[in-house]
Amino acid sequence: MRSLDEMLALSPWTQDIAPAQMERVRSTTVVREFEAGAYVCRRGERVNAWIGVIDGLVKLTCLAPSGKSVTLAGITAGSWFGEGSVLKGELRKYDVVALRGSQIAFMPEATFRGLLDTSLAFNRFLLMQLNERLGQFIGMVEHDRLLDPDARVARALAGLFNPFLYPGSEPQIQISQEELGYLAGTSRQRVNQALHVLEKAGLVKVDYSLITVVDLEGLRSFGA
DNA sequence: TCATTAAATTGTT
DNA sequence: AACAATTTAATGA
């Protein structure tokens, strides 16, 4: 995915948006590029845009009192996020960091609210997305307590390929094992071990800084 | 294009 | 956590 237009074409909520609204989305949404490691936005900033990942990969992260950072979610290309904070008009609760060079779209709050007021499809999409996220986070807590590390890595990885939340088309993700460790809540070494297990099981293919999902269903249910 | 080097990532203990 | 091995990216001949 390279351009905002391509991403809009992939986004489910654009399907029956009126042409005038679509034009407003196109003309007001700003695209910015970020290098690996750069902050897309920081905790505590006023939220004035809905954010879309056109290309690349970002993570939602927060700082534990001890100083350790915790990754709450990885957001892949094709996904929009941050609607919760826009709706509530609150300060941003987490840091957003680019893990790779990334192209990020910022849709101004006014445009976002315009869509809310005029499009039933948009409201439906948000409802589905919020519900999907809720399910994912509940699942994360459950898995964190019930599953062994191999399975946790499998779920964390599968979570990045939720077709509704992340309508990117490719079954690959460029992510280091260290970052996957932050996401799964385990050490890099354990991720390395787990990836070997998952590869032997025929669920993924592991390359340098790149993981290809071969069997998404198998990944989701691994260890259950 | 090829060789050299530094940095990032991975494999292992 | 530490160390070695491997891959990538950048540089210059």
Compute whether any side-chain donor of one residue and acceptor of the other, for [X] and [Y], lie under 3.5 angstrom apart.
X: Ser176(A); Y: Ser209(A); value: no
X: His143(A); Y: Arg155(A); value: yes
X: Trp80(A); Y: Ser11(A); value: yes
X: Asn192(A); Y: Gln177(A); value: yes

Check your understanding: Quick one: do Glu45(A) and Arg42(A) make a salt bridge, cutoff under 4.0 Å?
Key -> no

Check your understanding: Hey, is Glu6(A) close enough to Arg2(A) for a salt bridge, meaning N to O under 4.0 Å?
Key -> no

When the distance from [atom1] of [X] to [atom2] of [N] is rounded to whole Å, what number comes out?
X: Arg188(A); N: dG11(B); atom1: CZ; atom2: P; answer: 9 Å
X: Leu180(A); N: dT10(B); atom1: CG; atom2: C1'; answer: 13 Å
X: Glu35(A); N: dA8(B); atom1: CD; atom2: C1'; answer: 16 Å

Exercise for review: Assign Arg190(A) to base, sugar-phosphate, or nothing according to its heavy-atom contacts below 4.0 angstrom with the strands shown.
Suggested key: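 Nothing, no heavy atom under 4.0 Å.
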
Review point. With Thr61(A), which residues qualify under side-chain hydrogen bond (donor to acceptor under 3.5 Å, both in side chains), at least two apart?
Key: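 Not a single residue meets the side-chain hydrogen bond (donor to acceptor under 3.5 Å, both in side chains) criterion with Thr61(A).
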
**Study point:** Shared hydrophobic cluster, Leu126(A) / Val47(A) (ILVMFWY, side-chain heavy atoms < 4.5 Å)
**Key:**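 Both belong to a single hydrophobic cluster.
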
Review point. Where along residues 191-210 of chain A does a heavy atom fall under 4.0 Å from DNA chain B?
Key: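 Within residues 191-210 of chain A, the residues near DNA chain B are Asn192(A), His196(A), Tyr208(A), Ser209(A).
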
Check your understanding: Between which nucleotides of DNA chain C, 5' to 3', does chain A make heavy-atom contacts below 4.0 Å?
Key -> dA1(C) to dT8(C)

